[in-house]
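Structure record follows, encoded as structure tokens.
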Protein chains: 2
Amino acid sequence: MNNSRFSIAIHILTLLHQEKGALVSSDYLAGSININPVLVRKELSNLAKAGLVTSKEGKNGGSYLAKAAEKITLDEVYKVVRQDYLLGQNKNTPNPQCPVGKQINGHLNTLYDKTEQVLIQSLATQTLADFSRLFD
Amino acid sequence: MNNSRFSIAIHILTLLHQEKGALVSSDYLAGSININPVLVRKELSNLAKAGLVTSKEGKNGGSYLAKAAEKITLDEVYKVVRQDYLLGQNKNTPNPQCPVGKQINGHLNTLYDKTEQVLIQSLATQTLADFSRLFD
DNA sequence: TCATTCTGTAATTATTTTTATTACAGTACA
DNA sequence: TGTACTGTAATAAAAATAATTACAGAATGA
């Protein structure tokens, strides 16, 4: 994940929490994050699917947290934005003629799975409320 | 890290270990990994700077492990290839007018540092020898 | 009712990052 | 002294990410 989706998602959620349930527009969020509003709306859509935010369409619409910040752990956010293994896999398939090349992806995946579990467990110990408190 | 440098570095080191100290050429390594030899040589150069491999120039040259696989922990490899925070930062600077935007990068960095330490500690429990043993 | 202000999403373009390629100097060997 | 390597810079190609444009649809309220 070399993209900034985790940062963006955390930023969105922090703002929504600070706004204490008020409807916040994607334009406002995009202005604080300093990215394109369309990206914000896409991420809001992902966060909504995961049950972290709710959006309301139409005039005076916007988004708010779908559950208490104390109940949102950071691993939930990670899972929303996760796409590839953290440590990055070779896109080319290694040489299947080579005894190492033939097996390495399997073994790397095992390692990556284990490592990711550790990361997730660490993120799971922190809530959005904890993070948001840093801004007070 | 959306690139595949960690995978590549592990692949290189595993092959060198399997070859038990013999000089292995970058072309051979590249053939097993299925990437361009120049990339392999660059990574070998980074691994050499970190004291993990040694390279020998000239005819019949190549590379070999600079220390025992039992003494190489995977966090060392991670540190060689590490470039950005794992969880990815927004490239644009958030709006400094916004109370959240103004502070968020600092707080995210703290979170990222902590998270990365957890990852490193986990990788530190495993050696190249452990990983390489999976291929026997 | 209908103009306004939002969300949702698709399609396209631009930018940045990553990877591959080309080129060539320098080293070691036999 | 030719051959087979490493080392590295420069460039090009490909892939991933982000921005933009465009527009349909929803909710509001004048």
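These values consider heavy atoms only, across backbone and side chains, with no hydrogens, waters or symmetry-generated copies. Each chain gets a letter, A, B and so on, in the order its sequence line appears, and its residues count up from 1.
- For the pair A/S63 and C/dT7, the criterion of a side-chain N or O lying under 4.0 Å from OP1 or OP2 is not met.
- What separates NZ of B/K91 from P of D/dA16 is a distance of 14 Å, to the nearest Å.
- Note: CD (B/Q83) to P (D/dA16) measures 16 Å, nearest angstrom.
- Looking at heavy-atom distances under 4.0 Å, B/I35 makes contact with sugar-phosphate atoms alone, never a base.
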Protein proximity profile, nucleotides 23-30 of chain C - base contact B, sugar-phosphate-only contact S, no contact -, cut-off 4.0 Å on heavy atoms: ----BBB-
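- The CG atom of A/D84 sits 15 Å away from the P atom of D/dA15 (whole-angstrom rounding).
- The separation between B/L16 atom CG and D/dT6 atom C1' is 14 Å, rounded to whole Å.
- When the side chains of ILVMFWY residues are joined at heavy-atom separations under 4.5 Å, either directly or via intervening members, B/L23 and B/I12 end up in two distinct hydrophobic clusters.
- Between B/Y28 atom OH and D/dC5 atom C1' there is a gap of 17 Å when expressed in whole angstrom units.
- Between the NE2 atom in B/H17 and the CZ atom in B/F135 there is a gap of 10.5 Å [rounded to 0.5 Å].
- At most 12 heavy atoms of other shown residues, nucleotides or ligands fall within 6.0 angstrom of atom OH in B/Y64.
- Closest to the side chain of B/L39, out of D/dA19, C/dT18, C/dA20, is C/dA20.
- Taken from CG in B/L119 to CG in A/L87, the straight-line distance is 6.0 Å, to the nearest 0.5 Å.
- Each of B/T127, B/D130, B/L65, B/V53 was scored for a side-chain contact (heavy atoms from CB on, under 4.5 Å) with B/I72, with one residue passing: B/L65.
- Atom CG in B/N36 sits roughly 17 Å away from atom P in D/dT11 (whole-Å rounding).
- Using a cut-off of 4.0 Å between Lys/Arg side-chain N and Asp/Glu carboxylate O, B/R133 and B/E70 are scored as not salt-bridged.
- Side-chain proximity of A/S25 to C/dG8, C/dC6, D/dA10: nearest is C/dC6.
- Going from atom CD of B/E43 over to atom C1' of C/dT18 covers 13 Å, rounded to whole Å.
- Closest to the side chain of A/S55, from the set D/dG7, C/dT7, D/dA18, is C/dT7.
- B/N90 places its CG atom 12 Å from the P atom of C/dT17, with the value rounded to the nearest Å.
- Atoms OG and CD, on B/S45 and B/E43 in that order, are 8.5 Å from each other to the nearest 0.5 Å.
- Backbone-only contact: B/S26 has heavy atoms under 4.0 Å from sugar-phosphate atoms and none from a base.
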